[in-house]
Amino acid sequence: MIARGLMLGPDQPVVLHMLDLPRAADALNGVKMELVDAALPLLRGMPALQPLAAVFSFIAGCKAYFALGATTNFETGVVATSDEAEAFKGVNVAILIGGWPRKEGMKRKDLTAKNVPIYKSQASALQQHAAPNCKVEQRFWWWLTPRTPTRSSSRSSPPGSPAKNITCLTRLDHNRALGQVAEKLGVPVGDVRNAIIWGNHSSTQFPDASHATARTELGERPVKELVADEKWLKEEFVSTVQERGVAVIKARRQSSSLSAASAACDHMRDWILGTPKGTWVSMGVFSDGSDRVPEVLFYSFPVTCEKGEWSIVQGLQIDDFARSKMEASGTELMEEKSIAINIL
């Protein structure tokens, strides 16, 4: 997806930096061979040109360059390594979606305990080796803090990274919400926009379709009006999106893969290239106190993006039902942050 331009655009050459555990080195090298064998035109290194961005995907990454001129020193465009320093060297964008996978029956507390040490190590590597102003997209994010910690701090967001440069992945949940509405209405998913995921990437998240719209033959209309079923919107829709990840695990004995990778690309593309006018997406971002969410949390909000910056959508009407769901998810995030800090 990255090497085909689905993340950074169809004209942006990239170099992928892929990181995995030492025991997976042979398999990772096999992935490198396949990428080279695919002869992807955008996958190339251009050392003579100024780096524009970098991406770290799966526990993998990509360094992108402006394609402004010719060079005779082309690289293969792929780095496969188990060394964090090499993987993060000079990257401008980091996508941290790897880590210990959630298995059937695993509690989130157990998942937190497995992943906090991994992200602590990667945060340190980012601090030491990534480019200044590196943008970071995280999959696991309960322990993130808006503070800028020192190397000795117990907190593990990438030191030196402004809170604006760290976002967290709820795009998969957002896409699931759009998909459920589209199925309910019998319309293409591209005709539905402005659903919201509030809160955590967990079963307490609040999928909210009360501000969503869909295109029809009569123009764009509110989803609430088109569905005309408040019970479905508050119950079945919410629970289906909340529990979709568990349903996928039960069906295939593995967590989401293709849809998660697609969501990670969607998230970073919109952050860097911008959201369409009149459209917002869901991202876990540092709370500025909007919608009564405590400022000590990273929390999923509706956001718009322009020129590499995100902004929380303001002025939305939130009823008592939505408020109660949002507060419940915020409480869970506070609890998970406390667990993570204790582990650190």
Side-chain angles (χ1 to χ4, degrees), residues 168-251 256 258-260 262-263 265-267 269-270 275-285 290-293 299-305 310-332:
C168 310
L169 186 63
T170 51
R171 185 57 175 269
L172 177 53
D173 308 298
H174 181 93
N175 289 350
R176 287 167 172 165
L178 297 177
Q180 290 303 305
V181 170
E183 282 199 340
K184 179 69 172 178
L185 296 178
V187 301
V189 71
D191 287 344
V192 182
R193 65 175 178 171
N194 294 350
I196 302 171
I197 302 298
W198 300 100
N200 198 359
H201 174 58
S202 75
S203 61
T204 70
Q205 66 177 245
F206 175 45
D208 181 6
S210 63
H211 307 280
T213 61
R215 285 195 294 269
T216 71
E217 294 179 354
L218 300 177
E220 193 164 16
R221 296 170 61 189
V223 164
K224 289 193 299 183
E225 177 184 322
L226 295 170
V227 171
D229 185 344
E230 186 175 358
K231 181 178 175 63
W232 184 85
L233 289 169
K234 288 186 174 181
E235 296 180 10
E236 184 178 340
F237 166 72
V238 171
S239 62
T240 298
V241 177
Q242 287 175 334
E243 299 167 7
R244 189 67 160 191
V246 174
V248 170
I249 291 172
K250 287 182 177 179
S256 302
L258 174 61
S259 58
S262 179
C265 283
D266 292 344
H267 176 115
R269 181 193 64 242
D270 286 342
T275 50
K277 185 176 181 181
T279 299
W280 62 64
V281 295
S282 301
M283 288 186 183
V285 299
S290 293
D291 302 305
R292 304 184 197 172
V293 176
Y299 186 100
S300 183
F301 289 94
V303 304
T304 57
C305 302
W310 54 263
S311 299
I312 296 173
V313 175
Q314 300 294 326
L316 298 178
Q317 295 296 315
I318 298 173
D319 62 22
D320 291 341
F321 172 79
R323 179 71 61 195
S324 66
K325 296 291 188 181
M326 292 167 63
E327 290 177 351
S329 198
T331 298
E332 182 188 56

Trainee: Can you check whether Asp266 reaches His174 side chain to side chain, under 4.5 Å on heavy atoms?
Mentor: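 Answer no - side chains too far apart.
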Trainee: Would a 4.5 Å heavy-atom cut-off, applied to side chains only, mark Pro276 and Arg193 as touching?
Mentor: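 SC-SC contact between Pro276 and Arg193 ruled out.
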Trainee: May I ask you to decide whether Arg176 forms a salt bridge with Asp173, counting only side-chain N to carboxylate O separations under 4.0 Å?
Mentor: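 The answer is yes: the pair qualifies as a salt bridge.
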Trainee: Leu226 pairs by side-chain contact (heavy atoms from CB on, under 4.5 Å) with which of Val192, Leu185, Val181?
Mentor: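 When side-chain contact (heavy atoms from CB on, under 4.5 Å) is applied between Leu226 and each of Val192, Leu185, Val181, only Leu185 qualifies.
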Trainee: Side chains of Lys184 and Glu236: closer than 4.5 Å at any heavy-atom pair?
Mentor: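 They are not in side-chain contact.
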Trainee: Run the numbers on Ser300 and His201 for side-chain contact (heavy atoms from CB on, under 4.5 Å), then give the verdict.
Mentor: CA-CA 8 Å; Ser300 183; His201 174 58; over 6 Å; no
Trainee: Classify the ring geometry of Trp232 against Phe237: parallel below 30°, tilted from 30° to 60°, perpendicular beyond 60°.
Mentor: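 Answer is tilted, since the angle falls between 30° and 60°.
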Trainee: Please name the residue in the list Ile312, Asp270, Val281, Thr275 that meets the side-chain contact (heavy atoms from CB on, under 4.5 Å) test with Thr304.
Mentor: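 By the side-chain contact (heavy atoms from CB on, under 4.5 Å) criterion, Thr304 pairs with just one of Ile312, Asp270, Val281, Thr275: Thr275.
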Trainee: Show the nearest heavy-atom pair for residues Gly284 and Thr170, with the distance to one decimal.
Mentor: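 Looks like N-OG1, 3.8 Å.
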Trainee: What I want to check is whether the side chains of Thr240 and Gln180 have a donor and an acceptor closer together than 3.5 Å.
Mentor: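 The answer is no; no qualifying pair exists.
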Trainee: Ser282 and side-chain contact (heavy atoms from CB on, under 4.5 Å): which partner among Asn175, Ile197, Leu169, Asn194?
Mentor: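 Testing each of Asn175, Ile197, Leu169, Asn194 against Ser282, the sole residue satisfying side-chain contact (heavy atoms from CB on, under 4.5 Å) is Ile197.
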Trainee: Could you check whether Thr216 and Arg221, counting side-chain N and O atoms only, form a donor-acceptor pair closer than 3.5 Å?
Mentor: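 Per modelled atom types, Arg221 and Thr216 side chains form no pair under 3.5 Å.
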